[in-house]
Amino acid sequence: FFSSRRRHTRSLCDWSSDVCSSDLDSLSREELERRASPYGVPLAQLLRPATRREILVRMLRNLESIHAEAGDDALLARVRERLAVLGEGG
């Protein structure tokens with residue numbers, strides 16, 4: 001979600017390239033809403049803190065990508081097992 005001083009947010013969309021944490025203090029609400037509008041999700045929903053489960057799933061998805069790119073099948077399988085336990089496999 002945020003491109004600097006990363007904060008974990010819901011994975012409804014990823015607008016991290018459009019907004020960084022320092023923007024929240026300097027941009028008007030109208031500008032933030034304009035930047036969020038292409039995603040079709042209300043700004044308040046994008047700014048809502050993520051749950052612990054959502055943070056964990058996002059971290060595991062990131063690890064899944066890293067291990068897949070590295071060709072580390074053993075670690076990839078372990079990450080996918082954890083995602084399956086959370087009902088996020090597939």
Side-chain angles (χ1 to χ4, degrees):
F1 181 76
F2 296 111
S3 58
S4 66
R5 293 183 298 271
R6 187 169 293 281
R7 174 180 170 172
H8 299 285
T9 57
R10 299 187 180 285
S11 58
L12 294 171
C13 66
D14 184 4
W15 64 317
S16 59
S17 62
D18 298 329
V19 177
C20 70
S21 57
S22 60
D23 287 340
L24 294 177
D25 293 329
S26 61
L27 295 177
S28 69
R29 180 172 182 86
E30 292 78 22
E31 179 61 16
L32 288 170
E33 287 174 346
R34 184 191 68 73
R35 292 185 184 197
S37 65
Y39 301 97
V41 179
L43 181 62
Q45 191 170 355
L46 290 172
L47 296 177
R48 187 168 57 130
T51 65
R52 290 178 180 181
R53 183 183 188 286
E54 290 166 330
I55 294 168
L56 180 58
V57 168
R58 183 167 182 157
M59 290 170 52
L60 288 170
R61 290 283 181 214
N62 289 342
L63 287 170
E64 182 181 38
S65 294
I66 290 167
H67 298 315
E69 287 178 23
D72 192 333
D73 294 335
L75 288 176
L76 180 60
R78 291 175 63 188
V79 169
R80 288 183 173 161
E81 287 172 10
R82 286 164 175 79
L83 284 166
V85 167
L86 294 170
E88 298 288 331

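Counting begins at 1 with the first residue of the sequence. Quick note: numbers below take in every heavy atom, side chains included, and nothing from hydrogens, waters or symmetry partners.
A salt bridge is defined here as a Lys NZ or Arg NE, NH1 or NH2 lying under 4.0 Å from an Asp or Glu carboxylate O, and R34 with E30 fails to meet this definition. Between E54 and R58, no side-chain nitrogen of the basic residue sits less than 4.0 Å from a carboxylate oxygen of the acidic one, so the salt-bridge criterion is not met.
For E81, there are no salt bridge (Lys or Arg N to Asp or Glu O under 4.0 Å) partners, not counting sequence neighbours. Under the rule for a salt bridge (Lys or Arg N to Asp or Glu O under 4.0 Å), R82 has no partner lying at least two apart in sequence or in another chain. Considering only residues two or more places apart in sequence or on other chains, L56 meets the side-chain contact (heavy atoms from CB on, under 4.5 Å) condition with L60, L86. R78 is linked by a salt bridge (Lys or Arg N to Asp or Glu O under 4.0 Å) to nothing, counting only residues two or more places apart in sequence or in another chain. Listed by chain and number, the residues in a salt bridge (Lys or Arg N to Asp or Glu O under 4.0 Å) with R52 amount to none (sequence neighbours excluded).
Connection of L27 to L47 is established within a shared hydrophobic cluster, with ILVMFWY side chains joined at heavy-atom distances below 4.5 Å, either directly or through further cluster members.
When all heavy atoms of E88 and V57 are compared, the closest pair comes out as CG-CG2, 3.7 Å.
In this structure, the separation between CG on L76 and CD1 on I66 is 11.5 Å, given to the nearest 0.5 Å.
R29 places no side-chain N or O within donor-acceptor distance of the main-chain N or O of L43, the cut-off being under 3.5 Å.
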